[in-house]
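One structure is given below, encoded as structure tokens.
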2 protein chains.
Amino acid sequence: MKNTDKPAVTLQCAPVAPYLPDTRGQAFTRPGSGQCMKRHSILDAAARTFCRDGFTGTSIDLIAAEAGVSRQTIYNHYRDKEMLFGAVVDAVMERTNAALFAILATFPEKSDNLEADLALFATRLGKNCMCNSDGEFLRKLIQAEGERYPELFQIWRENGPAKVGSAIAARLARLAHGGALDIDDPDLAARQFLALVTADMNFCGMQGEKPTEKQIETSALNGVRTFLRAFAIRKASSARADMALSRSSA
Amino acid sequence: MKNTDKPAVTLQCAPVAPYLPDTRGQAFTRPGSGQCMKRHSILDAAARTFCRDGFTGTSIDLIAAEAGVSRQTIYNHYRDKEMLFGAVVDAVMERTNAALFAILATFPEKSDNLEADLALFATRLGKNCMCNSDGEFLRKLIQAEGERYPELFQIWRENGPAKVGSAIAARLARLAHGGALDIDDPDLAARQFLALVTADMNFCGMQGEKPTEKQIETSALNGVRTFLRAFAIRKASSARADMALSRSSA
DNA sequence: GTCAATTTAGACACTATTGTCTAAATCGTC
DNA sequence: GACGATTTAGACAATAGTGTCTAAATTGAC
């Protein structure tokens, strides 16, 4: 059984030409050279450090040390700290977006075994999008620096959660049209779906920390169950039996 | 009609004695004197500034300017930046806790008109606890500095959301026992209740910003409706009619 | 091995911030 | 108005960070 497959999106190197700054002020890189490694490890270390210590709390020297390069190398690739930060944000958003659409493609089409299928979908979403390092980065940094650098995250605000929401809404509407769900407002239902499957993560004393894989799975299943209690259409034949059953353990 | 009453908790001045540092390193203050005002405006400005710019991004000079006092006055009251930060966190947590319990007391007891009552309760919670300035402070700062200063927020992690959760769980269990709700796991239901009534706030492109009052109300009502769809026990007599009705608009 | 590109370590000027210290000004109470 | 407590503005040393510059070392392709 292949489990929640991680859409491994690795960073591509920008093409050719030495020291020509692109839109973000970073120099292009000959692919395959050591430069690519360096740049990757810089972006990686910067993401980790910015996420841990915030923008102002992070020093270039710290990033350099953590990336295993000299400070000057960072300045060779990125004009200044803000440009580096922008590049990190871009990279993380691109990765997360790619993961997002890969996962959206796995949304269940058939309505048999809906609980298990939706739970698997929600688990994938949690593990590879909302609760991994990239998700943590976006969550923390948007909270912390979103107001100071509105233009940086505007793209994400518009394309990130909103797009997941409407994408899930469309797929929920499809299930509703197929007779499996009873949904008035698909957009609202999508938001509530996302809220429910992450419910356990936000209110159990572990604010702002990454949940474990187990916690993600449990939260997803719990959320899907309640979501289906609210929106699933029970078969008319066994409606009374279902209701009696579901009420029995109260 | 008195609307969502705000439990106005104002900061009390610590008693007596000049320049004796208390546990947080802050000097006590003669109540009623100008000192109290100063200290209050320092804490106030510090909360705003820390929330806006983060701990490292905030300078004492900025706080002093925003509070309308000299920098030295701040150092007279608080030993250093960390102590000031700790005092702010304490004050915000105390205020939020007080608001929390005031609001918890308004949780509906009777099960007639449950939707409206729960929506009002959730609205109060949003407006006076989770989405006001104090809520924003705790949310942002725990995300940003929670890992760096674990001991500061540990109290909140244990006493804040967890306590709301179990308090609401107890009240939901009571409603369930009274026959209004069908709930297996009250703690889970409480977390999902909180997640649902704040669902609209997190996934509509406005991450990390304070929602408007209108948004809070709408989100609360939407969330409560779905919560009740999942957990309310429909009267047996009108069950079929209810189900037909709720499905009619899909 | 050569050569150009790249990286490195270190020095550097500059700015910002912290926390201390002082002497003068202000406040509040009697 | 006197007096003690408090606040204030400013100077101050110490530290940390940014971004630039250099010369030497390293890399990688041919």
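Sequence lines set the chain letters: A, B, ... in the order given, protein chains first and strands last, and positions in each chain run from 1. What you see below is based on every heavy atom in this structure, not just the backbone, and it leaves out hydrogens, waters and symmetry mates. What you are looking at is a predicted structure, and each value in this text was computed from that prediction instead of being measured.
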Nearest-angstrom distance from the residue atom CE of Met83(A) to P of dT18(D): 16 Å
Stepwise side chain to side chain contact (heavy atoms under 4.5 Å, CB included) check, Leu84(A) with Ile63(A): CA-CA 11 Å; Leu84(A) 171 59; Ile63(A) 296 174; 3.8 Å; yes
Rounded distance in Å - CE (Met37(B)) to C1' (dT6(D)): 15 Å
Sidechain-backbone polar pair: Thr73(B) side chain, Val69(B) backbone, donor-acceptor under 3.5 Å: no
Length of the CD-P vector between Gln72(B) and dA25(C), whole Å: 17 Å
Residue pair Ser59(A) / Lys81(A), side-chain donor-acceptor N/O under 3.5 Å: no
Ser219(A) side chain vs Gln215(A) backbone, donor-acceptor pair below 3.5 Å: no
Arg191(B) bridged to Asp187(B) by N-O distance under 4.0 Å: no
Ionic contact status for Arg52(B) with Glu136(B), cut-off 4.0 Å: no
Residue of the set Lys127(A), Lys210(A), Arg95(A), Lys140(A) for which salt bridge (Lys or Arg N to Asp or Glu O under 4.0 Å) holds with Asp134(A): Arg95(A)
Pair Tyr78(A) and Phe85(A), ring centroids less than 6.0 Å apart: no
Nucleic acid contacts of residues 59-70 of chain A, taken as heavy-atom distances under 4.0 Å to DNA chain D: Ser59(A), Ile60(A), Asp61(A)
Sorted by number, the residues of residues 45-57 of chain A with heavy-atom contact under 4.0 Å to DNA chain D: none
Whole angstrom value for the distance that separates C1' of dT17(C) from CG of Asp80(B): 13 Å
OP1 or OP2 of dT8(C) under 4.0 Å from side-chain N/O of Lys38(A): yes
Euclidean distance, atom CZ of residue Arg79(B) to atom C1' of dT18(C) [Å, nearest integer]: 15 Å
Euclidean distance, atom NZ of residue Lys81(A) to atom C1' of dA16(C) [Å, nearest integer]: 12 Å
Integer-rounded Å distance: dG19(D) P and Asn76(A) CG: 14 Å
His77(B) side-chain N/O to dT6(D) phosphate OP1/OP2 under 4.0 Å: no
Nucleotide dT18(D), atom P - distance to CZ of Arg71(A) in whole Å: 8 Å
Phe50(B) ring center near Phe137(B) ring center (under 6.0 Å): no
